[in-house]
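Only one structure is covered here, and it is reproduced in the block below.
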Number of protein chains: 2
Amino acid sequence: MNDTPGFRPLYRQVYDILVRKIAEGAWKPGEMLPSEQMLAREMGVSHGTVRKVLDALTAENLLLRRQGKGTFVAEHDQDRALFRFFHIARPGGERLVPEAAKVRIKARPSRVVEREKLELRGRDAVFEITRLRLIDGEPAIRETIILPERLFPRLDRIGDLPNTLYSLYQSKFGITVAAAREELRAATATREDQSSLGLKPGHPILVIGRVALALTGQPVEWRESRVRSDRLVYAVTLQ
Amino acid sequence: MNDTPGFRPLYRQVYDILVRKIAEGAWKPGEMLPSEQMLAREMGVSHGTVRKVLDALTAENLLLRRQGKGTFVAEHDQDRALFRFFHIARPGGERLVPEAAKVRIKARPSRVVEREKLELRGRDAVFEITRLRLIDGEPAIRETIILPERLFPRLDRIGDLPNTLYSLYQSKFGITVAAAREELRAATATREDQSSLGLKPGHPILVIGRVALALTGQPVEWRESRVRSDRLVYAVTLQ
DNA sequence: GAGTGGTCTAGACCACGCA
DNA sequence: GCGTGGTCTAGACCACTCT
């Protein structure tokens with residue numbers, strides 16, 4: 001049936017179309033997609049082919065299906081979605097999402113390392129968010145977050161930044177964080193770490209660097225989290 | 001069709017049967033399974049149901065399918081399989097598998113923390129493997145690996161332990177590591193770290209604790225890796 | 001050519017949520 | 001009772017591998 005080298009199976013084409021439409025916001029997070037039958041009719045493929053694609057997108061946490069109700073675009077607000085990207089836990093395993101404090105934001109020119117991480121050209125401006133994060137009311141993490149100004153227009157005019165920024169990216173800027181690359185290393189607390197986190201000189205801290213990627217694969221956020229390692233660990237399950 | 005609460009879909013039952021058979025070694029790693037058609041006939045289900053299961057097991061890296069050839073039990077020797085559990089990289093992303101040196105093994109009674117991690121009862125004995133791992137010929141990681149003696153009989157009689165232990169577990173003991181839980185934290189180099197890795201006092205190191213799980217979900221290995229953090233990072237992709 | 005997996009279709013029936 | 005997703009089937013045809 002096919003001897004062209006650029007062949008893509010039908011389900012792959014349907015997959016690409018749906019991802020593109022979701023990325024473009026054809027359906028907003030939380031909204032319902034047309035039913036399997038409708039999608040199949042519209043795209044001129046069978047029930048089973050559409051189903052294969054919807055199942056795959058559900059496995060990737062991009063869609064959410066509920067029997068009897070419908071298929072919905074996943075929201076970053078939901079607990080399970082949050083835990084995909086937040087891996088800080090107490091020793092032993094209990095995961096948690098720390099609350100944010102002392103949040104500051106400013107716009108400034110990008111630096112070389114930021115342009116590399118975020119694949120920016122020229123001297124594009126960025127927003128820099130700094131914040132402390134608290135566990136049980138005690139400072140536990142220092143975070144610096146870098147965002148391209150072009151993707152987050154007037155971000156600094158928003159009054160209160162929420163604790164879970166990815167919901168904000170999604171709801172206010174139409175950017176869904178779909179994947180992330182993280183690099184972890186150990187370091188010694190700097191003076192700023194010591195004063196912000198209440199550590200003694202020489203204390204080791206866990207440094208987590210993260211590049212977050214949008215649905216399109218484009219890097220949209222670079223973040224560095226400096227974690228006090230006596231109370232917290234980074235927990236991950238590999239399967 | 002069904003109103004019993006203990007209902008499991010057909011494909012789930014087929015899945016469980018196949019996982020159990022693979023775990024029991026009905027087909028050894030690298031061996032071919034019966035064809036889809038054969039499996040469907042034997043189990044009295046349709047082609048499509050078998051296919052759904054085989055696709056799932058392939059996605060979980062438990063099977064490997066090759067068009068025109070057949071379906072095979074995955075081996076831990078293969079590059080891709082290795083990289084599922086080895087996340088050490090150079091800063092920037094290039095992954096690597098360090099070579100092992102100064103490998104020592106001894107049998108001894110288990111300790112409390114080891115019995116917890118490995119879900120051992122009583123005073124079951126364990127093997128303790130210690131080794132250095134080298135990057136570019138330089139010591140970079142100190143590792144301690146704890147294994148239940150019961151699961152790895154006469155492990156200490158094996159002459160040379162290979163660099164990639166998981167292949168050994170699979171080929172010599174019939175244990176396939178299918179998943180792992182890891183916890184990362186920062187620490188300060190101990191005296192032993194300093195002398196083994198050539199670090200100065202106070203140097204920060206990255207400590208990775210890992211419990212490896214067999215196909216059955218049973219914990220089979222506990223390992224702690226102490227990584228010098230100036231040359232190496234822990235890299236992970238979340239999606 | 002025979003045997004394997006890969007793609008795609010058409011349709012049946014069930015379980016769930018809601019009006 | 002209707003519309004939704006969830007399960008399962010039967011069968012067609014294609015692409016790949018080996019002999």
Side-chain angles (χ1 to χ4, degrees), chain A residues 1-19 22 27 29-75 78 80, chain B residues 1-19 22 27 29-75 78 80:
Chain A
M1 176 203 269
N2 144 72
D3 38 18
T4 73
F7 169 70
R8 304 196 110 190
L10 248 188
Y11 69 83
R12 192 59 176 124
Q13 300 173 39
V14 171
Y15 178 97
D16 290 341
I17 290 171
L18 286 181
V19 169
I22 293 168
W27 310 283
E31 282 183 12
M32 192 173 113
L33 267 65
S35 71
E36 290 180 4
Q37 219 176 75
M38 285 291 298
L39 286 172
R41 265 206 311 132
E42 286 173 13
M43 305 207 182
V45 300
S46 83
H47 173 66
T49 299
V50 168
R51 179 152 249 281
K52 177 166 183 158
V53 172
L54 296 181
D55 282 348
L57 292 170
T58 302
E60 295 170 35
N61 293 303
L62 231 144
L63 295 179
L64 198 133
R65 318 193 74 188
R66 277 186 285 171
Q67 191 174 18
K69 300 196 70 172
T71 302
F72 305 83
V73 179
E75 293 179 275
Q78 294 155 132
R80 270 187 307 171
Chain B
M1 179 203 268
N2 143 74
D3 36 18
T4 73
F7 169 71
R8 307 196 107 189
L10 248 189
Y11 68 83
R12 192 58 175 123
Q13 300 173 39
V14 172
Y15 178 99
D16 290 342
I17 290 171
L18 287 182
V19 169
I22 294 168
W27 309 283
E31 281 183 12
M32 191 173 115
L33 267 66
S35 70
E36 290 181 3
Q37 220 175 75
M38 284 292 298
L39 287 171
R41 264 205 313 131
E42 285 173 12
M43 306 209 181
V45 301
S46 81
H47 172 67
T49 300
V50 168
R51 179 150 249 282
K52 177 168 182 156
V53 172
L54 296 181
D55 282 348
L57 291 170
T58 302
E60 294 170 36
N61 293 303
L62 231 145
L63 295 180
L64 197 133
R65 318 193 74 190
R66 277 187 285 171
Q67 192 174 17
K69 300 195 69 172
T71 302
F72 304 82
V73 178
E75 293 179 273
Q78 294 157 131
R80 270 186 306 172

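Each chain gets a letter, A, B and so on, in the order its sequence line appears, and its residues count up from 1. Hydrogens, waters and symmetry mates play no part in the numbers below; they use all other heavy atoms, side chains included. Worth saying up front: this structure is predicted, and the values here are computed from it rather than measured.
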Take the protein atom [atom1] of [X] and the nucleotide atom [atom2] of [N], then report the distance between them rounded to whole Å.
| X | N | atom1 | atom2 | value |
| --- | --- | --- | --- | --- |
| M43(A) | dC8(C) | CE | C1' | 16 Å |
| L10(B) | dA15(C) | CG | C1' | 16 Å |
| H47(B) | dC8(C) | NE2 | P | 13 Å |
| L63(B) | dG6(C) | CG | P | 11 Å |
| L33(B) | dT4(C) | CG | C1' | 13 Å |
| F7(A) | dC14(D) | CZ | P | 12 Å |
| F72(A) | dG17(C) | CZ | P | 11 Å |
| R51(A) | dC13(C) | CZ | P | 18 Å |

TODO: Heavy atoms only: give me the nearest R8(B)-Q13(B) pair and the separation to one decimal.
DONE: O-NE2, 2.8 Å
TODO: Identify the two heavy atoms, one from F72(B) and one from G30(B), that lie closest to each other, and give their separation to 0.1 Å.
DONE: CD2-O, 3.5 Å
- [ ] Return the set of residues passing side chain to side chain donor-acceptor pair (under 3.5 Å) with R41(B) (not counting sequence neighbours), or none when no residue passes.
- [x] none
TODO: Taking only the side-chain heavy atoms of V45(B) (C-beta and beyond), determine which of dT9(D), dG6(C), dT7(D) contains the nearest atom.
DONE: dT9(D)
- [ ] Using heavy atoms to find the nearest nucleotide of DNA chain C for S46(A) and D55(B) separately, return the residue whose nucleotide is more 5′.
- [x] D55(B)
Task: Option among D16(A), V53(A), V45(A) that satisfies the side chain to side chain contact (heavy atoms under 4.5 Å, CB included) test with Y11(A) - done: V53(A)
Task: For L18(A), the option from L54(A), L63(A), V50(A) that meets side chain to side chain contact (heavy atoms under 4.5 Å, CB included) - done: L54(A)
[N] OP1/OP2 closer than 4.0 Å to side-chain N/O of [X]:
| X | N | value |
| --- | --- | --- |
| R65(A) | dG6(D) | yes |
| Y11(B) | dC8(D) | no |
| T49(B) | dT9(D) | yes |

Task: Partners meeting salt bridge (charged side-chain N to carboxylate O under 4.0 Å, His left out) with R66(A) (sequence neighbours left out) - done: none
Considering only nitrogen or oxygen atoms on both sides, find all protein atoms under 3.5 Å from nucleotides 1-4 of chain D and state each distance.
| residue | atom | partner | partner atom | Å |
| --- | --- | --- | --- | --- |
| dG3(D) | N2 | G68(A) | O | 2.9 |
| dT4(D) | O2 | G68(A) | N | 3.2 |

Task: Between CE on residue M43(A) and CD1 on residue I17(A), distance to nearest 0.5 Å - done: 5.5 Å
